[in-house]
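So you know, we letter chains A, B, ... as the sequences are listed, proteins then strands, and number each from 1. Scope of the values below: all heavy atoms of this structure, side chains included, with no hydrogens, waters or symmetry mates.
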Amino acid sequence: MKINFYNSLTNQQEEFQSIQDGIVKMYSCGPTVYDFAHIGNFRSFLFGDLMRRFLELAGYDVQHVMNITDVGHMVEGEDDKMLAAATRVKENKKSGRVPEGAIADPDDPYQIADYYTKAFLDDANKLGYKVAAEYPDSMPRATDHIDGMIKMIERLIERGHAYVSSDGVVYYSVESFPEYGKLSGNSLDKLIDGAGQRVSADNQQRKKHPADFLLWKPDRQHIMKWDSPWGVGYPGWHIECSVMANAKLGRDVIDIHTGGEDLIFPHHECEIAQSCGCSGESQFANYWVHARFLFVEGKKMSKSRGNFFTARDVFEGKVTGKPVHPAVLRFELIKSHYRSNMNFTKKGLSDSASTVMKLIELRQDLESRSDGKVAEVDLGHPVLKDFAEALADDLNIAGALGVMHTWIKSDHGDAALSLAIWDKMNSVLAIAPTGTNDDPAESAGSGGDDEGEALRLEMVAARENKDYARSDELRDKLIAAGYDVQIGKTDVTIKKKLA
RNA sequence: GGCGUCGUGGCCAAGUGGCUAAGGCAGCGGAUUGCAAAUCCGCCAUCGUGGGUUCGACUCCCACCGACGCCUCCA
């Protein structure tokens with residue numbers, strides 16, 4: 001199967017060719033763990049997961065790494081992210097987002113990072129992020145790779161790509177790397193024009209070129225600090241990804257690198273400069289694939305607009321007023337093309353809930369009719385072929401979902417075969433039992449909780465007495481409680497809705 | 001200013017140089033129902049504007065209008 005991705009490096013779709021036959025090594029930039037990850041973060045992460053799962057469907061052995069940034073990086077300005085994080089933690093504790101006692105000392109960055117790392121992994125698991133669930137070893141922490149960063153910086157200095165400035169700070173020399181700017185389309189002279197707003201004039205003077213970026217900053221006052229040949233201090237932001245990709249994927253050149261579009265510059269540009277500067281290779285990743293931003297109800301998500309939502313806000317019903325099953329959020333976040341600005345809306349979420357429900361009901365029906373048998377099926381099957389070919393075309397998820405919907409409505413006489421097809425599709429979509437996330441079928445099960453069941457029984461009784469007014473009243477109550485109510489000839493069934 | 005993406009029915013969103021322009025949601029008609037819901041059947045677009053290329057374009061080219069993103073910590 002021919003697979004195409006849009007490569008940010010060349011700004012065009014390219015046929016995907018792995019370096020080694022049958023193996024894909026990919027790296028995704030992960031979260032900075034000083035707050036809960038928001039739905040925009042997850043949109044980008046899940047796009048990486050979708051890509052990974054699709055490549056697996058296509059037969060590749062995929063090694064996917066995502067870092068966790070637990071180093072508090074200070075930019076060249078003097079605003080301290082750690083301080084900001086501590087303030088945020090205190091706010092979160094007040095509002096109850098962070099439970100009392102969870103972070104004993106909000107001024108300790110290690111505790112903060114630890115807490116939010118766990119929270120992130122928990123959310124990622126619920127959302128079916130495969131690496132988090134099945135390959136925890138592929139989620140390296142930056143603080144575990146400081147030695148590697150120091151070694152890489154040393155090597156960059158040796159190779160003439162980095163230098164120590166007059167105040168002891170180590171910088172990467174962008175002029176030593178002619179390719180700098182290739183990914184983002186920036187050129188050094190344009191960058192000079194743009195520079196200077198937020199960076200201090202003093203620092204700029206000490207650098208050989210205004211675009212030179214920090215690799216190591218000696219700073220004894222910094223809370224998180226490590227010893228290094230350049231004094232006690234901390235690493236720059238970009239170096240960790242170059243180091244961890246290499247450490248975990250074991251190669252100088254990897255196949256795919258993903259992230260949010262905002263990371264193209266400067267982060268990914270700098271990663272390329274570092275990795276290639278160190279390895280001498282002409283590429284760091286052959287394919288750079290970036291996801292566009294998520295909007296909420298048509299507006300860019302921001303704290304000041306009040307439309308800034310974490311994944312757990314959505315789960316807990318803080319966005320829609322009703323709890324949302326993680327599978328529904330996952331589906332909502334992956335169902336738009338990664339290169340479009342997806343618009344996150346309440347309506348979209350409820351549409352997604354219907355689709356997830358439909359899939360689950362189909363599966364339940366198939367299971368009950370298949371005698372526990374699942375047929376063998378591969379991508380040669382026409383339905384799966386269409387499904388996979390859509391995804392092979394730059395992850396055309398809408399096309400794939402179109403195939404899926406048409407298939408859902410088709411005849412499912414051979415339950416074992418349909419079950420096999422269902423499972424293949426789900427291996428990519430991962431909305432229903434994945435072995436990692438909660439099974440939405442369970443929460444959507446027929447029984448519901450005790451309260452719902454009580455109302456249901458009362459409704460059955462009312463109907464036996466032909467007391468329709470009472471029955472309608474109870475039905476309204478059940479609907480308000482988040483149930484779908486179906487009245488049969490002799491019975492009433494209720495189903496908890498997923499969102 | 002530089003770089004880039006895009007403009008398809010009420011909303012979301014595929015797709016193709018020429019058969020009936022996917023699919024979802026909503027809506028409409030019908031079956032069903034005590035009434036609903038769910039389900040099933042049926043209906044519902046000529047593709048931003050203006051040129052050009054072509055036997056033929058929504059699909060290729062040009063211009064224009066419009067939307068959006070990045071260029072700064074940010075997924």
Side-chain angles (χ1 to χ4, degrees), chain A residues 6 8 11-12 28-32 34-35 37-48 66 69 72-77 79-81 84 181 183-187 189-191 193-199 237 258-269 290-295 298 300-303 308 331-333 335-343 345 347-355 357-358 361 386 390 393 396-409 463 466-469 471-472 475-476 478-479 483-489 492-495:
Chain A
Y6 185 93
S8 304
N11 283 323
Q12 60 186 6
S28 298
C29 284
T32 301
Y34 283 136
D35 198 356
H38 55 71
I39 53 177
N41 294 318
F42 275 112
R43 190 294 228 252
S44 157
F45 300 150
L46 290 176
F47 138 71
M66 182 167 84
T69 299
H73 289 294
M74 282 170 63
V75 256
E76 288 175 59
D79 47 334
D80 193 325
K81 280 185 144 183
L183 177 68
S184 58
N186 283 315
S187 64
D189 36 318
K190 276 183 215 148
L191 285 170
D193 297 340
Q197 254 103 27
R198 305 218 7 174
V199 286
W237 170 38
T258 73
E261 60 175 336
D262 56 313
L263 295 181
I264 293 173
F265 188 87
H267 187 52
H268 289 166
E269 196 75 77
H290 293 99
R292 291 257 245 153
F293 268 26
L294 168 143
F295 284 62
K300 191 164 176 175
M301 188 163 71
S302 73
K303 288 192 173 163
F308 187 94
F331 188 75
E332 173 68 9
L333 291 175
K335 78 178 181 187
S336 335
H337 189 83
Y338 72 93
R339 273 189 304 114
S340 314
N341 283 122
M342 91 154 278
N343 191 16
T345 61
K347 180 178 181 298
L349 213 46
S350 94
D351 287 358
S352 291
S354 313
T355 305
M357 199 65 186
K358 204 183 278 187
E361 285 176 351
D386 288 350
D393 180 15
N396 179 358
I397 185 74
L401 292 177
V403 173
M404 181 189 82
H405 275 114
T406 307
W407 172 74
I408 289 175
K409 283 189 300 188
R463 296 183 62 75
K466 300 230 188 288
D467 183 353
Y468 292 123
S471 170
D472 289 354
R475 179 171 65 197
D476 291 344
L478 279 163
I479 289 170
Y483 287 95
D484 262 338
V485 183
Q486 293 184 43
I487 300 170
K489 285 243 190 309
V492 174
T493 54
I494 56 173
K495 281 187 299 189

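The distance from atom CE of Met66(A) to atom P of A75(B) is 11 Å, rounded to the nearest whole Å. At whole-Å resolution of the value, CD in Glu269(A) and C1' in C74(B) are 17 Å apart. His268(A) has its NE2 atom 14 Å from the P atom of C73(B), to the nearest Å. Look at NE2 on His337(A): it is 18 Å from P on G69(B), rounded to the nearest Å. Here the P atom of nucleotide C71(B) and the CG atom of Leu183(A) are 13 Å apart, to the nearest Å. The interatomic distance linking Glu261(A) (CD) with C73(B) (P) rounds to 15 Å, in whole Å. Atom NE2 of His290(A) and atom P of C71(B) are 12 Å apart (whole Å). Protein atom CZ of Arg292(A) is 12 Å distant from nucleotide atom P of C71(B), rounded to whole Å.
Put simply, the side chain of Asn341(A) reaches to within 4.5 Å of the side chain of Glu261(A), judged on heavy atoms. Within the 4.5 Å cutoff, no side-chain heavy atoms of Asp484(A) are placed close to those of Met357(A). For the pair Leu294(A) and His38(A), the minimum side-chain heavy-atom distance is 4.5 Å or more.
Under the Watson-Crick and G-U wobble criteria, each requiring two contacts below 3.5 Å, nucleotide U46(B) is left unpaired. The pairing partner recorded for U72(B) is none, the criterion being a Watson-Crick or G-U wobble arrangement whose two distances lie under 3.5 angstrom. Pairing of U59(B), defined by two Watson-Crick or G-U wobble distances under 3.5 Å, is not identified with any nucleotide. When Watson-Crick and G-U wobble pairs are counted only if both distances are under 3.5 Å, G34(B) pairs with no nucleotide at all. Summarising the base pairing, G17(B) is matched to no nucleotide, lacking a Watson-Crick or G-U wobble pair whose two defining distances lie under 3.5 Å. Searching all strands for a Watson-Crick or G-U wobble partner of G29(B) with both distances below 3.5 Å returns C41(B). In this entry A22(B) has no Watson-Crick or G-U wobble partner, no candidate having both defining distances under 3.5 Å. With both pairing distances under 3.5 Å, C6(B) is matched to G66(B) as a Watson-Crick or G-U wobble pair.
Contact check, Trp237(A) against C74(B): a side-chain N or O comes under 4.0 Å of OP1 or OP2. Residue Asn396(A) places at least one side-chain N or O closer than 4.0 Å to OP1 or OP2 of G15(B).
Counting non-hydrogen atoms under 4.0 angstrom, Arg43(A) reaches nothing in the nucleic acid. Counting non-hydrogen atoms under 4.0 angstrom, Ile264(A) reaches nothing in the nucleic acid. At a threshold of 4.0 angstrom between heavy atoms, the contacts of Asp386(A) with the nucleic acid are absent. Residue contacts shown for His38(A) include a base, since a base heavy atom lies under 4.0 Å away. Contact annotation for Gly402(A): base contact, defined as any heavy-atom pair under 4.0 Å involving a base atom. Contact annotation for Ala291(A): no contact, since no heavy-atom pair falls under 4.0 Å across all strands. No contact: Lys466(A) has no heavy atom under 4.0 Å from any strand. Phe295(A) comes within contact range of the sugar-phosphate backbone alone, with a heavy-atom separation under 4.0 Å but no base atom that close. Tyr6(A) comes within 4.0 angstrom of sugar-phosphate atoms only, judged by non-hydrogen atoms across all strands, and of no base. Here Gly259(A) lies in heavy-atom contact (under 4.0 Å) with sugar-phosphate atoms only.
When distances are taken from the side chain of Pro266(A) to each of A75(B), U72(B), U5(B), the shortest belongs to U72(B). Listed nucleotides: A75(B), U72(B), C68(B). Nearest to the side chain of Phe265(A): U72(B).
For the side chain to side chain contact (heavy atoms under 4.5 Å, CB included) with Arg475(A), the qualifying choice from Val492(A), Ile494(A), Val485(A) is Val485(A), the only one to do so.
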Original post:
Taking protein heavy atoms under 4.0 Å as touching, what does nucleotides 24-38 of chain B look like 5' to 3' if B marks base contact, S marks sugar-phosphate-only contact and - marks none?
Top reply: SB--------BBBBS
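Phe293(A) qualifies as a stacking partner of the A75(B) base, centre to centre under 5.5 Å and near-parallel within 30°.
Here the straight-line distance linking atom CZ of Arg339(A) with atom OH of Tyr6(A) works out to 6.0 Å at 0.5 Å rounding.
Judged by distance alone, the side chain of Thr406(A) and the main-chain N or O of Gly402(A) form a donor-acceptor pair under 3.5 Å.
A parallel orientation is assigned to the rings of Phe47(A) and Tyr338(A), their planes being inclined by less than 30° (bins at 30° and 60°).
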